[in-house]
Amino acid sequence: MMKEENLKKSFEPLSELFYSRNALTLAKEVLGKYIIRNYNNELLIVRIVETEAYHEIGDPACHAFNGKTERNSVMFESPGMLYVYFTYGMHYCMNLVAEPAGTAAAVLIRAAEPVCGISTMKKLRTKKSKQGSAKTLFDEDIASGPAKLCQGLAITNQQNGANVKDFSKSEIYLAQKINAPKILISEIIETTRVGIKKGTELPWRFYLKDSICVSRI
DNA sequence: ACTGCGATGTCCT
DNA sequence: GGACATCGCAGTT
């Protein structure tokens with residue numbers, strides 16, 4: 001397991017300016033960045049490989065398309081906050097709030113590649129219902145979808161409104177690896193969003209071309 | 001490989 | 001009361 005000391009040498013936080021850009025830019029820039037989750041004093045780390053942008057303007061699939069409600073209010077707050085919502089009666093999905101406060105825009109994290117804490121993430125993903133069915137969960141399927149990602153990182157509505165810019169105190173934050181090679185435009189696939197019924201024509205989904213951890217829908 | 005569907009709670013009309 | 005930014009299982013080709 002990675003020590004906190006070493007972690008701080010290899011990762012660095014991202015500024016408010018990083019998050020305050022428009023959702024489409026943020027959705028691309030966030031590819032290759034890391035989610036670091038402090039879960040019961042263990043660090044769970046994943047590398048983001050797939051995202052989607054949502055915006056209150058011109059996007060009927062956005063939760064804030066019809067204005068502010070109790071559920072979506074975090075989307076209107078400061079960039080770099082976490083918007084977590086509950087859906088289909090059993091799943092959570094997490095978004096990074098983009099753009100300046102007052103504008104509702106967010107980036108859904110759809111898939112990520114496990115980096116650290118793999119056995120714990122697998123337990124979080126499988127400790128459900130039936131024992132006995134010992135179907136093997138492959139590493140690439142730990143977080144190959146937005147609800148899988150939240151389940152693997154133990155993210156629920158308790159993390160709604162968390163500040164992912166807080167590198168030291170928050171139990172979840174985003175970071176970039178120091179000296180990591182920059183993601184090239186040629187490595188990013190831009191395409192239409194999935195799992196929605198409205199706004200399906202907008203090419204607001206992005207993923208890393210060579211990743212085996214993207215959602216397969 | 002693909003297709004259909006059940007689970008299940010909260011939001012919003 | 002319907003919709004829902006999903007997933008995993010069961011059944012079929």
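Quick caveat: nothing in here was measured; it's all calculated off a predicted structure. Chain letters run A, B, ... following the sequence lines, proteins first, then strands; residues in each count from 1.
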Nucleotide nearest A:Lys197 when distance is taken to its side chain, options C:dC4, C:dC7, C:dA5: C:dC4
Using the 3.5 Å cut-off, write out each protein N or O paired with an N or O of nucleotides 10-13 of chain C and the distance between them.
none

A:Asp139/A:Lys122 ion pair, N-O < 4.0 Å: yes
Ring centre gap for A:Tyr85 and A:His63 strictly below 6.0 Å: yes
Return the polar atom pairs (N/O with N/O) between nucleotides 10-13 of chain B and the protein under 3.5 Å, or none.
residue : atom : partner : partner atom : Å
B:dC12  : OP1  : A:Thr69 : OG1          : 2.3

Under-3.5 Å donor-acceptor pair between A:Tyr85 side chain and C:dA5 base: yes
Contact under 4.0 Å: A:Lys198 side-chain N or O vs C:dC4 OP1/OP2: yes
A:Arg110 versus A:Ser215, side-chain donor and acceptor atoms under 3.5 Å: yes
Sugar-phosphate, base or nothing in reach of A:Ala61, heavy atoms under 4.0 Å: base
Contact under 4.0 Å: A:Lys148 side-chain N or O vs C:dG8 OP1/OP2: yes
P-based separation of B:dG6 from C:dG2 [nearest Å]: 16 Å
Under-4.0 Å side-chain N/O to phosphate OP1/OP2 contact, A:Arg205 with C:dA5: no
Crowding at CD1, A:Ile178 (>12 non-hydrogen neighbours, <6.0 Å): yes
Selected nucleotide, minimal atom distance to A:Arg125 side chain, candidates C:dG8, C:dT6, C:dA5: C:dG8
A:Glu12 CD: over 12 foreign heavy atoms closer than 6.0 Å: yes
Verdict with reasoning, A:Arg47 to A:Glu113, per salt bridge (Lys or Arg N to Asp or Glu O under 4.0 Å): CA-CA 5 Å; A:Arg47 178 173 174 262; A:Glu113 170 190 322; 3.1 Å; yes
Closest listed nucleotide, where the reference is the side chain of A:Asn95 and the choices are C:dC4, B:dT8, C:dA5: C:dA5
Test item: A:Asn72 side-chain N/O and A:Thr69 main-chain N/O as donor-acceptor pair under 3.5 Å: yes
SB check A:Glu16 A:Lys165 (cutoff 4.0 Å): yes
For DNA chain C, the dot-bracket pattern of Watson-Crick and G-U pairs whose distances stay under 3.5 Å, | for other-strand partners: ||||.|||||||.
Short N-O contact, A:Lys209 and A:Glu187, less than 4.0 angstrom: no
Salt-bridge present (A:Glu99, A:Arg21; N to O < 4.0 Å): no
Sugar-phosphate only, base, or nothing, as touched by A:Arg110 at under 4.0 Å among non-hydrogen atoms: sugar-phosphate
Test item: side-chain donor near acceptor, A:Thr103 and A:Glu56, under 3.5 Å: no
